[in-house]
2 protein chains.
Amino acid sequence: MHKEHTLTKNQQIIFDLIDKSPEPMKAYSILFNVQKKGIKAPLQVYRALDKLVEIGKIHKIESRNAFIACHNSSCQVSKATAFSICEICEKITEISSASLSKYLANFKDKDGMKYSKYNLEFFGLCKKCR
Amino acid sequence: MHKEHTLTKNQQIIFDLIDKSPEPMKAYSILFNVQKKGIKAPLQVYRALDKLVEIGKIHKIESRNAFIACHNSSCQVSKATAFSICEICEKITEISSASLSKYLANFKDKDGMKYSKYNLEFFGLCKKCR
DNA sequence: TTTGAATTGTTATAATATAACACTATGTAA
DNA sequence: TTACATAGTGTTATATTATAACAATTCAAA
Ligand SMILES: [Zn+2]
Ligand SMILES: [Zn+2]
Ligand SMILES: [Zn+2]
Ligand SMILES: [Zn+2]
């Protein structure tokens, strides 16, 4: 059902880095880490990030200005995202809950407005930090 | 039940500006608008914004780096926020839905983690732009 | 093989946010 | 009242995040 996107060289380099990272990465940290691979300017990073977000390979954690690889197979585009964020250790996990996504996908506000996209960020303390 | 916070001079000036604004305001636009009142530096703005967010008088729209006054009486702190964002005209409204907030306040993830705070941003087209 | 869309490389700059430090107000308690 | 703590202020400098503009290149579809 989902279209395969062949990543370009820069996109692949940057995706691999984010995918390997145990935590979300920030743009300039990505830049620092890929300079040895020939990616030298912020724009090269941001352009790859934009594309990777667009095709759903990564998501942006808005409250942290950081990027995380998507490991949720039912999530091929960044249109319905939910994250769990520990406010102490900053551990961030993508939430994959059928009931949550169903509830939010069907949510209508008072005007009957229906939404094509949402992003939800939960904050609290993870197991380890509690 | 909720504690009244007496705003300081800078906090009041900045709150009044945001509260009067028909749309969310960005920090440097706020700065520009309050310079005639003697607030000259970004830090003065950010400090007031931090405090106003903390006490729930305003909220930050994370995906837009913008600030909006809270008009939701049941929302005295910024711990459970939901917004509707039109992707064309950028009209942004705070959503006040008892069922939504109840659902999210009780949401537990797979690990049984319960959250103390959340922020939800819905994207779509408003009435006018549809 | 042309042609158009996407991607790249590059320099410069814009926009958003915080560090550090000295000072001032304000409230609370001895 | 005096002392103390907490919060707020003013200021300069700097860090962090993100985009504008333009020329060159790649690559697949018509
Ligand atoms: Zn995902
Ligand atoms: Zn933690
Ligand atoms: Zn509110
Ligand atoms: Zn609209």
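Throughout, protein chains are lettered first and strands after them, A, B, ... in sequence-line order, and every chain is numbered starting at 1.
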D/dT17 phosphate, OP1 or OP2, under 4.0 Å from A/Lys26 side-chain N/O
yes
Is the phosphate of C/dG9 approached by A/Asn10 (side-chain N or O, under 4.0 Å from OP1 or OP2)?
yes
B/Ile14 CD1 to D/dG8 P, straight-line distance once rounded to whole Å
13 Å
Within the 3.5 Å criterion, strictly below it, is a donor on A/Glu94 or A/His71 matched to an acceptor on the partner's side chain?
no
Gap between atoms CG and P, on A/Leu31 and C/dG9 respectively (whole Å)
13 Å
Between C/dT16 (C1') and A/Arg64 (CZ): distance, integer Å
16 Å
Side-chain donor-acceptor contact under 3.5 Å, A/Tyr103 with B/Ser99:
yes
Working to the nearest 0.5 Å, report the span between CD1 of B/Ile61 and CE of B/Met25.
13.5 Å
Could you check whether the side chain of B/Tyr28 and the base of C/dA17 have a donor-acceptor pair of N or O atoms closer than 3.5 Å, going by distance alone?
yes
Can you find a side-chain donor-acceptor pair between A/Ser63 and A/Glu121 that sits under 3.5 Å?
yes
B/Ile30 atom CD1 is separated from C/dA17 atom C1', nearest whole Å, by 13 Å
Starting at CG of A/Asn72, measure out to OG of A/Ser97 and round the result to the nearest 0.5 Å.
10.5 Å
Checking B/Lys110 side chain against A/Ser96 main chain: does a donor-acceptor pair fall under 3.5 Å?
yes
Can you tell me how far P of D/dT17 sits from CD of B/Glu62, to the nearest Å?
13 Å
Whole angstroms only, please: what is the CG-C1' distance between A/Leu52 and C/dT7?
13 Å
Pick the nucleotide of DNA chain D nearest each of B/Pro42 and B/Gly38; which residue has the one closer to the 5' end?
B/Gly38
Report the distance from atom CD of A/Gln35 to atom P of C/dT10, rounded to the nearest whole Å.
12 Å
Rounding to an integer number of Å, can you tell me how far B/Phe32 CZ sits from C/dA14 P?
16 Å
Of residues 43-51 of chain B, the positions that come close to DNA chain D - non-hydrogen atoms, cut-off under 4.0 Å
B/Leu43, B/Gln44, B/Arg47, B/Lys51
Looking at C/dT16, D/dT17, D/dT11, which one has an atom nearest to any side-chain atom of A/Asn65?
D/dT17
N or O in side chain of A/Thr8 less than 4.0 angstrom from C/dT8 OP1/OP2:
yes
Closest heavy-atom contact between A/Ala27 and A/Leu49?
CB-CD1, 4.1 Å
